[in-house]
Amino acid sequence: MSFDKLRFAIQDGDAAAAKTLTSALVDSGSVPAEILNQAMLPGMSVVGARFRDREIFLPDVLLAARAMKAAMAVLEPLLLRDRVPSAGAIVLGTVRGDLHDIGKNLVSVMLQGAGYRVVDLGSDVEPDAFIDAAVDEGASVIGMSALLTTTMTEMAAVVGRIRERELHGRVRTIVGGAAVSEAFACEIGADAYASDAMTAVDRVKAMMAANPSI
Amino acid sequence: MRRLIRFAFDDVRPADEEVLTRMGMPGDAPVAPAVRTLLDDALEKIAALAEPRGVFQSISKADYEMVYRGEGRNAAESPLELIAPRAEALALFVGTIGENTGKEIRTLFRKDDPALAMMLDAFASETTNRVAEALSRTFLHELHGQISAAARVLPYSPGYCGWHVTGQRALFAAIHPHDIGVTLQPSCLMTPLKSVSGVLVAGDAAVHRFRPQWAFCDECRERDCGPRMASVRS
Ligand code: B12
């Protein structure tokens with residue numbers, strides 16, 4: 001069976017078909033890592049490119065992500081069994097004092113779609129909890145989200161604690177959220193900023209390429 | 001005057017197009033059947049879960065000036081400094097759709113249904129904005145006969161147009177919206193998340209008019225002041 005059908009099912013956001021096709025590929029003896037790398041990830045990559053070119057819109061991307069997740073549910077235990085490494089791990093969370101998590105959740109969905117392992121700490125996350133999780137999980141990138149100008153200042157506290165704990169350079173930071181800007185990211189010494197989830201994937205890719213694990 | 005109002009969902013239901021725009025879809029983009037299904041599913045959920053309610057309380061111009069000043073962190077010059085003194089009436093307000101929709105959004109994310117979660121979130125945000133509009137309409141209705149026939153009401157919020165978001169503290173100290181279940185966190189964030197606050201300003205179209213050329217306009221992500229001003233032109 002060719003990988004194309006699965007790739008198209010993901011591109012079209014057809015979760016039921018994606019799940020059935022993945023199971024069929026596994027049953028017919030396809031190698032799990034190849035199913036991931038030759039069908040699923042390329043499918044999501046096409047979705048990302050179409051979104052950037054404004055051929056499709058956020059709901060379509062999210063339907064594709066849902067299909068990707070359905071396929072991953074079949075594949076994940078097999079990838080673990082085969083010890084196939086993920087593209088890298090990233091710790092994500094909404095900063096202390098903030099509860100707005102929809103933007104962070106979207107970033108998480110897109111990063112998973114790109115093959116990253118996301119350690120999602122939820123919202124109202126203490127500065128040291130981000131860093132502890134990065135160390136424990138071997139994640140070289142911490143992503144932080146905030147909604148308001150009054151809560152985004154917490155991002156500076158995390159960047160400061162990374163320096164104090166002498167992890168600077170080994171653990172990188174990326175920040176985002178409605179009130180956050182490139183200028184603010186620069187001001188607090190964060191390593192990157194992304195205005196949306198797609199750009200977040202690109203930035204994380206670049207950071208991971210330079211520094212895949214802690 | 002203090003009024004606590006519970007709205008029916010239909011009184012604050014946003015149009016489908018507004019929800020899709022919030023989802024980043026251009027107005028003229030065709031809506032695929034799968035997206036239409038998401039919209040319908042989200043509508044069914046929010047109609048069952050939302051508890052739209054709000055409170056407003058009249059305030060004198062002098063008292064409002066104190067609330068507006070807040071913690072002294074507003075922009076040096078801002079439109080509300082010109083608008084409020086010319087208003088025919090003012091009222092502080094807080095509105096919300098309650099906590100249930102937010103809980104369902106988080107559950108959907110956990111259940112790996114980001115598409116429906118996001119559609120419901122967009123619906124919830126737009127519905128919350130409609131609560132502020134419904135409060136504006138009720139305030140205008142209550143003022144009938146006391147202000148000019150040309151007067152229209154628009155809501156203005158801390159965190160917008162130079163009114164610093166820390167202004168929330170003075171606003172909450174003045175209005176105490178416990179009766180609708182909204183509380184202010186030390187970070188100035190309101191819970192439930194889908195809540196809005198601010199001042200309802202009654203005045204004719206000229207009172208609400210300003211040129212969006214202030215220092216902070218560059219950073220604004222919303223840029224909806226044009227349509228807002230247009231909406232009160234009769
Ligand atoms: C919808 C909305 C609302 C809704 C819902 C809010 C919610 N939290 O659910 C309602 C109407 C309730 C609302 C209320 C308020 N809002 Co509001 N709101 C918005 C709006 C229009 C969109 C926010 C949103 O949900 N976007 C959708 C999500 C998916 O996007 P996102 O969270 O930004 O995430 C994306 C990116 O930021 C990025 N990203 C996010 N996190 C991360 C993390 C990483 C690591 C990376 C790389 C990227 C990344 O990728 C995400 C996906 O693309 C923004 C303006 C804007 N256009 O951004 C204002 C905005 C956030 N609101 C603002 C304000 C001021 C308020 C209020 C305080 C107003 C008031 N007084 O009532 C309240 C506060 C609510 C509260 N609970 O305290 C201001 C904040 C400015 C400030 N000074 O802090 C904004 C920026 C508008 C403005 N003035 O320009 N709001």
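Letters go in sequence order (proteins before strands), and every chain restarts at 1.
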Over 12 foreign heavy atoms within 6.0 Å of [atom1], [X]:
| X | atom1 | result |
| --- | --- | --- |
| R6(B) | CZ | no |
| R223(B) | CZ | yes |
| E44(B) | CD | no |

Name the region of [X], side chain, backbone, both or neither, that has any atom closer than 4.5 Å to a heavy atom of chain B.
| X | answer |
| --- | --- |
| I56(A) | neither |
| L63(A) | both |
| R96(A) | neither |
| D12(A) | neither |

Could you pull out the closest heavy-atom pair between [X] and [Y], with the gap in Å?
| X | Y | value |
| --- | --- | --- |
| F57(A) | G24(B) | CD2-O, 3.7 Å |
| C188(B) | L148(A) | O-CD1, 4.1 Å |
| R221(B) | V180(A) | NH2-O, 2.7 Å |

Is there a side-chain contact between [X] and [Y], using heavy atoms and a 4.5 Å cut-off?
| X | Y | answer |
| --- | --- | --- |
| P114(B) | K69(A) | no |
| V109(A) | F109(B) | yes |
| L62(A) | L38(B) | no |

Most contact-rich option vs chain A, by heavy-atom pairs under 4.5 angstrom, among E219(B), M119(B), H164(B), M25(B), is M25(B)
Most heavy-atom pairs under 4.5 Å with chain A, out of L39(B), D113(B), L20(B), belong to D113(B)
Which one, [options], leads in non-hydrogen pairs under 4.5 Å with chain B?
| options | value |
| --- | --- |
| L106(A), T153(A), V61(A), T149(A) | L106(A) |
| A65(A), G97(A), P59(A) | P59(A) |
| D60(A), N105(A), D120(A), D98(A) | N105(A) |
| L147(A), L99(A), I102(A) | I102(A) |
| A179(A), S181(A), G13(A), A178(A) | A178(A) |

If one checks every heavy atom of A122(B) against chain A at 4.5 Å, the contacting part turns out to be neither
What's the spacing between [X] [atom1] and [Y] [atom2] if we round to 0.5 Å?
| X | Y | atom1 | atom2 | value |
| --- | --- | --- | --- | --- |
| L189(B) | S123(A) | CG | OG | 9.5 Å |
| L58(A) | R22(B) | CG | CZ | 12.0 Å |
| R106(B) | D101(A) | CZ | CG | 6.0 Å |

Taking the basic N atoms (NZ, or NE/NH1/NH2) and the acidic carboxylate oxygens, is any pair closer than 4.0 Å for D112(B) and R66(A)? no
